[in-house]
Novice: 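Mind looking over this structure? Questions follow.
The structure displayed is predicted, hence computed values, not measured ones.
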Amino acid sequence: MSRRPRGSGGPPINDKIYIHEFITITRHNRARYMQHMTANFSPIAQEERHQLCYGVWGIVGSTAWWPGVVNLWEEDGFAGLASSFRHELSHPALQDPKLESWWAAAADMRSGGVDRLLLPAPWTRTIEQLCAEGVRGEVYAHEQITVPPGQAADFLERVREEAVPYYERFGWVLAGAWRTALGDDSECFLLWAVPDLERWAEFEAAHDADQATGGWKARLRASARSFQRILLADAPLSPMRIGRQPGRADRTGDWAE
């Protein structure tokens with residue numbers, strides 16, 4: 001769970017760390033890979049690394065490259081991540097031997113990926129909070145923004161103050177707000193739960209016209225160096241879709257650890 005500042009009755013502070021993954025899928029393997037990641041891997045990660053699955057999504061190919069998947073994992077801060085790394089790296093092959101068959105199967109479904117460590121805005125919700133509150137979208141808008149070095153945290157505060165009220169006019173809910181760690185504090189990621197595709201379309205039409213009115217799009221262009229929004233669709237066992245973490249009971253076929 002997130003912690004609260006001592007002596008404070010305010011909202012809890014999110015002190016987790018997140019692993020964000022762009023995955024390139026080979027051939028016609030996206031559905032198999034998403035099942036392999038959620039049902040076959042996540043229960044082990046929950047038990048052995050205290051790593052929660054925040055979400056697994058298929059990239060809507062018309063909005064970005066294809067076939068692709070986005071994975072997002074929630075760790076217990078840097079200390080928890082250090083333990084998770086040791087669990088993975090303290091073997092000659094730099095892989096957990098218990099997962100040898102899992103890695104072999106995954107290798108037939110993907111060709112590689114790009115990972116980042118993300119620091120959450122202190123007010124962004126954990127996956128347990130999101131599931132408890134029933135946050136869910138028919139699709140999700142995934143935004144990647146670069147800002148001048150050192151300004152990522154300030155940009156996230158602007159998102160909370162200015163962007164959230166704008167997006168909420170269309171029913172969009174901010175599910176996550178992060179800045180990239182191990183860098184120059186110039187990259188942010190936002191994830192919006194979009195209730196349905198009709199309200200996505202309504203938003204995009206209004207957002208395209210918004211630049212001329214001095215609204216959020218105009219303010220974004222003034223402060224961001226680059227910006228990209230893509231759409232994601234939940235994997236069948238993505239936590240916000242099912243309201244819980246994936247478990248062993250979700251496995252299909254004859255998969256064995």
Novice: Within the side chain of Asn29, is there an N or O that forms a donor-acceptor pair under 3.5 Å with the backbone of Asp108?
Specialist: yes
Novice: I'd like to know if the side chain of Glu74 and the backbone of Ile127 have a donor-acceptor N/O pair within less than 3.5 Å.
Specialist: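 Side chain of Glu74 to backbone of Ile127: a pair is present.
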Novice: Quick one: does any side-chain atom of Gln35 pair with a main-chain N or O of Leu237 as donor and acceptor, under 3.5 Å?
Specialist: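 Such a contact is absent between Gln35 side chain and Leu237 backbone.
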Novice: Any side-chain heavy-atom pair from Leu119 and Phe78 closer than 4.5 angstrom?
Specialist: yes
Novice: With sequence neighbours excluded, tell me which residues meet side-chain hydrogen bond (donor to acceptor under 3.5 Å, both in side chains) with Glu143.
Specialist: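 Checked Glu143 against side-chain hydrogen bond (donor to acceptor under 3.5 Å, both in side chains); matches are Tyr167, Trp192, Arg229.
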Novice: Classify the ring geometry of His36 against Trp102: parallel below 30°, tilted from 30° to 60°, perpendicular beyond 60°.
Specialist: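 Rings of His36 and Trp102: parallel, under 30°.
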Novice: Taking Thr24 for its side chain and Ser111 for its backbone only, find out whether a donor-acceptor pair lies under 3.5 Å.
Specialist: no
Novice: Please report the interatomic distance OH(Tyr18) to OG1(Thr124), rounded to the nearest 0.5 Å.
Specialist: 6.5 Å
Novice: Check whether any side-chain N or O of Arg179 sits under 3.5 Å from a backbone N or O of Asp185 as a donor-acceptor pair, and report yes or no.
Specialist: no
Novice: Would you say the side chains of Ser226 and Thr146 form a donor-acceptor pair under 3.5 Å?
Specialist: yes
Novice: Apply the side-chain contact (heavy atoms from CB on, under 4.5 Å) test between Leu232 and each candidate in Val56, Val194, Leu191; give the one that qualifies.
Specialist: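 By the side-chain contact (heavy atoms from CB on, under 4.5 Å) criterion, Leu232 pairs with just one of Val56, Val194, Leu191: Leu191.
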Novice: Under 4.0 Å between a side-chain nitrogen and a carboxylate oxygen: does that hold for Arg199 and Glu202?
Specialist: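 Judged by the 4.0 Å cut-off on N to carboxylate O distance, Arg199 and Glu202 do not form a salt bridge.
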Novice: Rounded to the nearest 0.5 Å, what's the gap from OG on Ser238 to CE on Met37? Could you check?
Specialist: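 Reported value, rounded in 0.5 Å steps: 12.0 Å.
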Novice: Within the side chain of Asp184, is there an N or O that forms a donor-acceptor pair under 3.5 Å with the backbone of Pro149?
Specialist: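 Absent.
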Novice: In this structure, would Tyr140 and Leu197 fall into the same cluster of hydrophobic residues linked by side-chain contacts under 4.5 Å?
Specialist: no
Novice: I want to check something: taking the side chain as every heavy atom from C-beta on, are Gln46 and Leu52 in contact at a cut-off of under 4.5 Å?
Specialist: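 The answer is yes; the side chains approach within 4.5 Å.
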Novice: For the atom pair CH2 (Trp65) and CD1 (Ile59), what is the distance rounded to the nearest 0.5 Å?
Specialist: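 Taking CH2 in Trp65 and CD1 in Ile59, the distance rounds to 4.0 Å.
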Novice: Is the backbone N or O of Arg49 less than 3.5 Å from a side-chain atom of Ser84, with the two atoms forming a donor-acceptor pair by type?
Specialist: no
Novice: May I ask you to say whether Glu47 pairs ionically with Arg248, meaning some side-chain N is under 4.0 Å from a carboxylate O?
Specialist: yes
Novice: Say whether Tyr54 and Val173 are linked into one hydrophobic cluster, either directly or through other cluster members, by side-chain heavy-atom distances under 4.5 angstrom.
Specialist: yes
Novice: Checking salt bridge (charged side-chain N to carboxylate O under 4.0 Å, His left out) for the pair Arg110/Glu21: CA distance, chi angles, key distance, verdict?
Specialist: CA-CA 12 Å; Arg110 63 187 181 185; Glu21 303 178 316; 5.8 Å; no
Novice: Quick check: do Trp123 and Leu174 have side-chain heavy atoms less than 4.5 Å from each other?
Specialist: yes
Novice: Test of understanding: clusters of I, L, V, M, F, W, Y form through side-chain heavy atoms closer than 4.5 Å, transitively. Do Val159 and Trp172 belong to the same one?
Specialist: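 The answer is yes; both residues are in one hydrophobic cluster.
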Novice: Give the cluster check for Phe155 versus Val164: same hydrophobic cluster or not, with ILVMFWY residues linked at side-chain heavy-atom distances below 4.5 Å.
Specialist: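 Yes, because Phe155 and Val164 connect within a single hydrophobic cluster, where side-chain heavy atoms sit under 4.5 Å apart.
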